[in-house]
Student: 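Below you will find the structure I want to go over with you.
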2 protein chains.
Amino acid sequence: MDADAGFDASLRADDVAFGARDAALLRAIDATGSLNAASDRLGRSYSRAHERLDDLENAFGPLVERTRGGPGGGGTTLTDDGRALVARFERLRAGYAAIAETTVAVLDGTVTDRTGELGVVDTEAGAIRALVPPDTDRVEVSVRGDAVTLHDPDASPAADATSARNRFEGVVTAVERGDAVVRVAVDIGAGTPIDALLTATSVERLDVEEGASIVASFKATATRATPREA
Amino acid sequence: MDADAGFDASLRADDVAFGARDAALLRAIDATGSLNAASDRLGRSYSRAHERLDDLENAFGPLVERTRGGPGGGGTTLTDDGRALVARFERLRAGYAAIAETTVAVLDGTVTDRTGELGVVDTEAGAIRALVPPDTDRVEVSVRGDAVTLHDPDASPAADATSARNRFEGVVTAVERGDAVVRVAVDIGAGTPIDALLTATSVERLDVEEGASIVASFKATATRATPREA
DNA sequence: GAGCGTTATATCTATGACGAAACAACGGTC
DNA sequence: GACCGTTGTTTCGTCATAGATATAACGCTC
């Protein structure tokens, strides 16, 4: 059963959710200088766009400046806040897209110690520090490829010298080259390997190849556990 | 203008998007053993729930097993695939939640070199390697707090010994303690500091305090740039 | 064979979101 | 004062989604 991860991103204030359609509207206003032309460009009704803009401004503050009459008949321009909102929305989407696209290794485990939202999870690979759910000890730990850093085993930093708390010795089981990003699978003693996403430069400089010994590290604060079924 | 980041997560197959309401339905079925009782529990209509379940199974394959008649009148149970879909959805949500919650530093810059989707961005702090958008050199680089690792300046790994390509020397400007997660702000020579989210253990072992020198590193493959307005 | 409580199916209703169209008002230009 | 093309406002229609209700059918138990 194959399924793609998706999302609808939003920024929320006062029960109003600023989403992709809203960002598209503001971008079209920015490009055309007119709410009328922007609606046309997007194939949307002028009256709805106008109403929506009012709702957004009630929640988020002034996003546009509008003038009536004049040589072109009037116009609409984005405020600095309007541009900032669109920029922030784009960054948020980029972040979610990273989550949707990145590879994830899932390790079953049991929480054995907690300090606030952090915990120690006992897994096949050993103890993993992660952000853990409050109500259960039965969890699965997600390790994202873009959160795993690889180190030369002979030169990996001492525990007192780095803030990355999870460190495992392992063996490279696969090296899969993309355009500029390389996916490296590392067996750290769990049932399935974890992935690390590296640049080609890193692969060369670390001399990563199948069968090589390597140290994989990832931050506790970037590792999340979710409840696991009985 | 204050706004909270939000999202609607989904897993998609055959133009059907499995979302939070669907996950809630499957969880309620799991808890009650009955589609009828699950709908009641969720305050939803039985016929809609039934129809939706059919749509989901057409797209994702068998998610439940249903029996009619018998001692209790019949019932509905989740299949292994049904449970796996819910578990995968929960992991996806946890990932998006991490994005929504984490602090982000934004650095303006210009792309000066590209290799596929990776690029070098010239910023106030120096060159940053990141995943860059294809159509523009004017970008802003987002550096997420949960992606930044701190190192002892005297003991940070050599460039040939780690896959984290971005490394900056900086000074700690703030240490802000949460329950178990500590937010450390580091001035790396950009207009605004970047944040690193650390465990309390890391803060102690690294002896992180305001004014201290520190090395901050983050992976190129975990760093994204988005287009920046003129 | 009735009873039970479920699954399965059919039909109806309400609501929110959205597109569409029409018209009033604006204000600089000619 | 007319013209232009915009903003601003009003009204209408359609569609998708969802809730609600009713009924048929199932199959084990008594």
Side-chain angles (χ1 to χ4, degrees), chain A residues 6 8-10 12 14-59 62-79 82, chain B residues 6 8-10 12 14-59 62-79 82:
Chain A
D8 288 317
S10 60
R12 290 177 182 151
D14 286 3
D15 288 329
V16 176
F18 179 93
R21 277 171 65 91
D22 299 320
L25 181 62
L26 293 192
R27 280 199 297 272
I29 290 172
D30 205 20
T32 60
S34 153
L35 180 54
N36 205 323
S39 304
D40 277 351
R41 177 178 282 209
L42 296 174
R44 288 168 59 175
S45 90
Y46 173 80
S47 63
R48 288 282 163 255
H50 185 276
E51 187 186 323
R52 183 61 183 165
L53 197 43
D54 274 355
D55 285 347
L56 291 174
E57 289 200 301
N58 287 338
L63 302 176
V64 297
E65 271 167 33
R66 324 172 200 207
T67 55
R68 305 176 74 177
T76 309
T77 57
L78 290 197
T79 59
Chain B
D8 287 319
S10 59
R12 290 179 181 145
D14 284 2
D15 287 330
V16 175
F18 179 93
R21 277 171 63 92
D22 300 319
L25 182 61
L26 292 192
R27 280 199 297 272
I29 290 171
D30 205 20
T32 59
S34 152
L35 181 55
N36 205 322
S39 304
D40 276 351
R41 176 179 284 208
L42 296 175
R44 291 169 59 173
S45 90
Y46 172 79
S47 64
R48 288 284 163 255
H50 186 275
E51 186 186 324
R52 182 62 182 166
L53 196 43
D54 274 353
D55 285 347
L56 291 173
E57 288 199 302
N58 287 338
L63 301 176
V64 297
E65 270 166 34
R66 325 176 201 204
T67 55
R68 305 175 73 176
T76 309
T77 58
L78 291 195
T79 60

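What you see is a predicted model; the values in this text were computed from it and never measured. Just so it is clear: chains get the letters A, B, ... in the order the sequence lines come, proteins before strands, and each one is counted from 1.
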Student: Tell me, which pairs form a side-chain hydrogen bond (donor to acceptor under 3.5 Å, both in side chains) where one or both residues lie in residues 29-43 of chain A, sequence neighbours left out?
Tutor: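 Non-adjacent pairs meeting side-chain hydrogen bond (donor to acceptor under 3.5 Å, both in side chains): A:D30-A:R83.
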
Student: Going by salt bridge (Lys or Arg N to Asp or Glu O under 4.0 Å), name the residues that satisfy it together with A:R52, two or more places apart in sequence or in a different chain.
Tutor: A:D22

Student: Going by side-chain hydrogen bond (donor to acceptor under 3.5 Å, both in side chains), name the residues that satisfy it together with A:E51, two or more places apart in sequence or in a different chain.
Tutor: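 Once residues adjacent in sequence are excluded, the partners of A:E51 under the side-chain hydrogen bond (donor to acceptor under 3.5 Å, both in side chains) criterion are A:R48.
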
Student: Suppose the criterion is ring pair (Phe, Tyr, Trp, His ring centres under 6.0 Å): which pairs have a residue in residues 20-48 of chain A, not counting sequence neighbours?
Tutor: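 Residue pairs with at least one partner in residues 20-48 of chain A: A:Y46-A:H50.
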
Student: For residues 20-39 of chain B, pull every pair meeting ring pair (Phe, Tyr, Trp, His ring centres under 6.0 Å), keeping only residues two or more places apart or in separate chains.
Tutor: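 Listed by first then second residue: nothing to list.
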
Student: Give, ordered by number, those residues of residues 15-26 of chain A having at least one heavy-atom distance below 4.0 Å to an atom of DNA chain D; if nothing qualifies, reply none.
Tutor: none

Student: Can you give me the first and the last nucleotide of DNA chain D (5' to 3') that has an atom within less than 4.0 angstrom of a non-hydrogen atom in chain A?
Tutor: D:dG5 to D:dC12

Student: Can you name the side-chain contact (heavy atoms from CB on, under 4.5 Å) partners of A:R21, sequence neighbours left out?
Tutor: A:R44

Student: Residues two or more places apart in sequence or in another chain: which of them pass salt bridge (Lys or Arg N to Asp or Glu O under 4.0 Å) with B:R27?
Tutor: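 Per chain and number, B:R27 pairs via salt bridge (Lys or Arg N to Asp or Glu O under 4.0 Å) with B:E90.
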
Student: Assign a letter to each nucleotide of nucleotides 3-12 of chain C from its 5' end: B, base within under 4.0 Å of a protein heavy atom; S, sugar-phosphate only; -, no contact.
Tutor: --BBBBBB-B

Student: To the nearest Å, give me how far apart CG (A:L42) and C1' (C:dA20) are.
Tutor: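 From A:L42 CG to C:dA20 C1': 16 Å.
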
Student: What are the two closest heavy atoms between A:L25 and A:L42, and how far apart are they?
Tutor: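 So the two residues come closest at CA-CD1, 3.6 Å.
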
Student: Of all residues at least two apart in sequence or in a different chain, which pass the salt bridge (Lys or Arg N to Asp or Glu O under 4.0 Å) check with A:R66?
Tutor: A:D54, A:E57

Student: A:T79: what forms a side-chain contact (heavy atoms from CB on, under 4.5 Å) with it, not counting sequence neighbours?
Tutor: A:E65, A:D81

